[in-house]
There are 2 protein chains.
Amino acid sequence: MDTAGESEHGEDKRGTGAIPASVEAAWGLRPRPHKGPKRGLTLEGIVAAAVAVADAEGLEAASMGRVAKELGVSTMALYRYVATKDELVTLMVDGAFGPPPPLPEGVGDDWRAGLRHWYQAIGTAMFAHPWAVAHIPSGGPPVTPNQLAALDQALYVLRDTPLTEFEKVATALLVSNQVRAEVTIALAMGGSADFERLMGEYSHFLLRVSDTGRLPHLRTAVEGGAFDEPDVQAPQKPSDYDEFAFGLERVLDGIQALIDARRPD
Amino acid sequence: MDTAGESEHGEDKRGTGAIPASVEAAWGLRPRPHKGPKRGLTLEGIVAAAVAVADAEGLEAASMGRVAKELGVSTMALYRYVATKDELVTLMVDGAFGPPPPLPEGVGDDWRAGLRHWYQAIGTAMFAHPWAVAHIPSGGPPVTPNQLAALDQALYVLRDTPLTEFEKVATALLVSNQVRAEVTIALAMGGSADFERLMGEYSHFLLRVSDTGRLPHLRTAVEGGAFDEPDVQAPQKPSDYDEFAFGLERVLDGIQALIDARRPD
DNA sequence: GCAGTAGTGCGTAAGGCATACGCAGAAAAC
DNA sequence: GTTTTCTGCGTATGCCTTACGCACTACTGC
């Protein structure tokens with residue numbers, strides 16, 4: 001697993017640098033080999049089948065054997081397209097998100113509205129594929145086509161701001177981290193179904209563990225209604241995923257402050 | 001896995017509400033049972049052994065069998081203390097972080113400095129136990145002792161701000177998400193060792209995939225030096241983990257803006 | 001046409017994993 | 001002293017990923 005070096009079996013583990021070969025294939029960077037028999041499968045097909053299984057039955061159901069069965073091939077056949085299960089998961093996440101939806105007319109001219117839209121689009125996609133949320137940051141910086149397309153979109157939204165290119169990228173990462181965190185906790189809370197009950201149980205638990213003088217400030221917060229104010233809304237279904245979440249607005253304000261400082265006139 | 005109900009085997013899966021029994025045990029909320037033979041192990045001991053294995057050889061090495069062997073007991077003995085592997089992992093993460101270090105003198109009076117310190121303390125702990133980073137948000141809202149102790153500390157820091165209790169909690173979550181995201185990507189980049197080389201390879205890759213007119217704004221960013229400006233520093237070792245990261249300052253600015261709006265005088 | 005050969009799918013099997021279940025024995029309760 | 005309850009553990013099941021080698025295919029260079 002740690003050794004590089006070209007093995008006879010499977011694809012080369014590494015393409016150029018640290019990018020897995022299967023990811024390069026997803027970009028179309030791998031030239032079609034010309035010898036040998038025709039390939040019976042496509043990487044896209046494999047990924048699509050795996051995503052379908054994960055959508056229907058969760059990520060843990062999408063084992064190599066199961067995906068292969070879905071495609072009518074043997075388990076090991078998949079390893080001609082993907083060096084490791086992790087690579088498949090990376091591609092599955094990318095495939096599940098798909099290309100970012102185009103920005104609505106005019107929204108690209110106001111960076112704040114544009115980022116709100118961007119945030120909501122990502123959040124919606126995440127809600128549609130909950131299994132993909134927990135695995136997004138595993139592999140480090142974004143390398144897959146749709147993820148980078150989304151990043152490109154954010155950079156477009158920020159094009160007229162006085163931020164440096166580094167700051168633009170960092171801003172996009174900041175916002176996307178924010179979506180991810182918010183969706184993660186929302187999904188853990190049951191996706192709005194038993195939200196109120198779970199929240200009630202949670203705050204009850206917090207009262208219980210803070211009752212002997214431990215965690216006095218947490219207790220104050222619970223008693224102050226931090227977990228049952230109307231502010232604590234159940235995260236909504238994909239179609240109307242709350243785009244004015246607390247965290248997002250704070251982040252946007254923070255970026256606003258930087259922009260104002262950079263452009264005082 | 002989905003059915004609740006009390007089974008004869010293992011601990012009850014659920015204590016009160018959705019809190020696992022082992023987590024309640026970690027809080028000392030479980031009364032000692034009085035019948036039966038004395039227990040040969042302690043939950044703390046199991047968690048400590050598991051953390052030691054994970055620290056030395058990574059999370060995947062810390063299997064139930066391995067941890068049991070480390071303690072000189074059989075694999076199944078552990079299931080008298082923990083209902084499931086996931087519960088153990090939850091407790092491992094909490095155990096790895098340990099109690100939050102006390103705030104230095106005076107820093108508790110300035111919320112901004114206090115949150116910076118808080119951020120740095122969490123980041124330092126994460127760097128010391130990289131395996132724990134990927135699993136923090138898995139189980140939903142924080143329920144374990146040390147995690148909630150850290151939350152309590154953040155609420156202490158924010159005690160004199162005009163924020164509502166809900167907003168204080170949300171702020172703490174916001175900052176902790178930020179640490180987590182930043183540390184995750186830093187660790188993926190090799191923990192500052194090959195940072196420069198990997199960053200170079202990454203930006204080279206980005207140039208390659210954006211060369212046919214795809215991702216024009218990303219290409220602009222790369223060419224604009226978004227990935228090799230001096231701003232892009234190698235994340236430092238635990239002792240001096242960069243506490244003035246871009247994301248953190250944006251978040252703090254955003255909170256500042258809210259505070260200013262709330263307290264205009 | 002006809003080798004040579006690189007690349008194909010796949011069968012087998014190894015080694016790991018979490019964990020269901022039942023049992024023998026220990027210690028407290030009555 | 002009997003009963004009850006909880007202990008640790010042996011056994012076994014059914015997963016999982018993936019190493020390896022084999023038989024075959026279809027293209028290349030002659």
Side-chain angles (χ1 to χ4, degrees), chain A residues 1-3 5-13 20-22 25 30-43 45-46 50 53-54 57-90 92, chain B residues 1-3 5-13 20-22 25 30-43 45-46 50 53-54 57-90 92:
Chain A
M1 209 65 82
D2 289 320
T3 64
E6 53 273 57
S7 65
E8 189 212 340
H9 291 289
E11 298 280 325
D12 306 357
K13 290 207 191 311
S22 59
R30 280 297 165 115
R32 272 242 97 80
H34 21 6
K35 288 276 186 75
K38 286 182 215 152
R39 315 199 92 180
L41 303 170
T42 61
L43 191 54
I46 294 172
V53 172
E57 305 171 42
L59 184 59
E60 69 280 359
S63 66
M64 296 302 264
R66 175 62 192 283
V67 173
K69 185 173 293 178
E70 217 73 18
L71 291 164
V73 299
S74 90
T75 303
M76 292 311 294
L78 303 185
Y79 283 92
R80 294 282 184 196
Y81 297 81
V82 150
T84 198
K85 170 82 186 274
D86 273 354
E87 284 188 21
L88 176 58
V89 172
T90 298
M92 284 172 67
Chain B
M1 207 66 80
D2 290 319
T3 64
E6 54 272 56
S7 65
E8 189 213 338
H9 293 288
E11 299 279 326
D12 307 355
K13 289 206 192 313
S22 59
R30 281 294 164 119
R32 273 241 98 80
H34 24 6
K35 285 277 185 75
K38 285 182 215 153
R39 314 200 94 180
L41 303 170
T42 62
L43 191 55
I46 294 172
V53 172
E57 305 171 42
L59 184 59
E60 70 279 0
S63 66
M64 296 302 264
R66 174 62 192 281
V67 173
K69 185 172 293 179
E70 216 74 17
L71 291 164
V73 299
S74 90
T75 304
M76 293 312 293
L78 301 185
Y79 282 92
R80 294 284 181 195
Y81 297 82
V82 151
T84 197
K85 171 82 186 274
D86 274 354
E87 284 188 20
L88 177 57
V89 172
T90 298
M92 283 172 67

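First the proteins, then the strands, lettered A, B, ... as listed; each starts at 1.
Under the rule for a side-chain contact (heavy atoms from CB on, under 4.5 Å), the partners of Thr42(A) that lie at least two apart in sequence or sit in another chain are Glu44(A).
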Which atom pairs, donor and acceptor, lie under 3.5 Å between side-chain atoms of residues 58-71 of chain B and protein residues at least two apart or in another chain?
{"unit_1": "Ser63(B)", "atom_1": "OG", "unit_2": "Arg66(B)", "atom_2": "N", "d": "3.2"}
{"unit_1": "Arg66(B)", "atom_1": "NE", "unit_2": "Glu70(B)", "atom_2": "OE1", "d": "3.0"}
{"unit_1": "Arg66(B)", "atom_1": "NH1", "unit_2": "Glu57(B)", "atom_2": "OE1", "d": "3.1"}
{"unit_1": "Arg66(B)", "atom_1": "NH1", "unit_2": "Glu57(B)", "atom_2": "OE2", "d": "3.3"}
{"unit_1": "Arg66(B)", "atom_1": "NH2", "unit_2": "Glu57(B)", "atom_2": "OE2", "d": "2.8"}

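Here the straight-line distance linking atom CG of Leu43(A) with atom CG of Leu78(A) works out to 10.5 Å at 0.5 Å rounding. Here Tyr79(B) contributes atom OH and Ser74(B) contributes atom OG; the two are 11.0 Å apart, rounded to the nearest 0.5 Å.
Rounded to an integer number of Å, the gap from CG of Leu78(B) to P of dG8(D) is 9 Å. Nucleotide dA26(C) holds its P atom 16 Å from the CZ atom of Arg80(B), rounded to whole Å. Remark: C1' of dC9(D) and CG of Leu71(B) are 15 Å apart, rounded to the nearest angstrom. Rounded to whole Å, the distance from CG on Leu88(B) to P on dA18(C) is 10 Å. Atom CD of Glu60(A) is separated from atom C1' of dC15(D) by 12 Å (rounded to the nearest Å). Atom CG in Asp86(B) sits roughly 16 Å away from atom P in dC17(C) (whole-Å rounding).
Across residues 61-70 of chain A, not one residue has a non-hydrogen atom less than 4.0 Å from an atom of DNA chain C.
Dashed line: the shortest gap from a side-chain N or O of Tyr79(A) to OP1 or OP2 of dG9(C) is not under 4.0 Å. When the side-chain nitrogen and oxygen atoms of Lys38(B) are compared with OP1 and OP2 of dA27(C), none of them lie within a distance under 4.0 Å. Phosphate contact (OP1/OP2 of dA18(C), side-chain N/O of Thr75(B), threshold under 4.0 Å): absent.
Nearer to the 5' terminus of DNA chain C, by closest-nucleotide assignment, is the contact made by Met76(A) (compared with the other of Pro37(B) and Met76(A)).
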Could you please spell out the steps behind the side chain to side chain contact (heavy atoms under 4.5 Å, CB included) verdict for Leu41(B) and Val73(B)? CA-CA 9 Å; Leu41(B) 303 170; Val73(B) 299; 3.9 Å; yes

With side chain to side chain contact (heavy atoms under 4.5 Å, CB included) as the test, would you mind laying out the steps for Thr90(B) and Glu87(B) before giving the verdict? CA-CA 5 Å; Thr90(B) 298; Glu87(B) 284 188 20; 5.5 Å; no

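Side chain of Tyr81(B), nearest nucleotide from dG11(C), dG8(D), dC22(D): dG8(D).
Side chain of Arg39(B) to main chain of Tyr81(B): no donor-acceptor pair is present (N/O by atom type, distance under 3.5 Å, no hydrogens or angles).
The rotation axes computed at either terminus of the helix from dG1(C)-dC30(D) to dC30(C)-dG1(D) lie 10° apart, taking five pairs at each end and rounding to 10 degrees.
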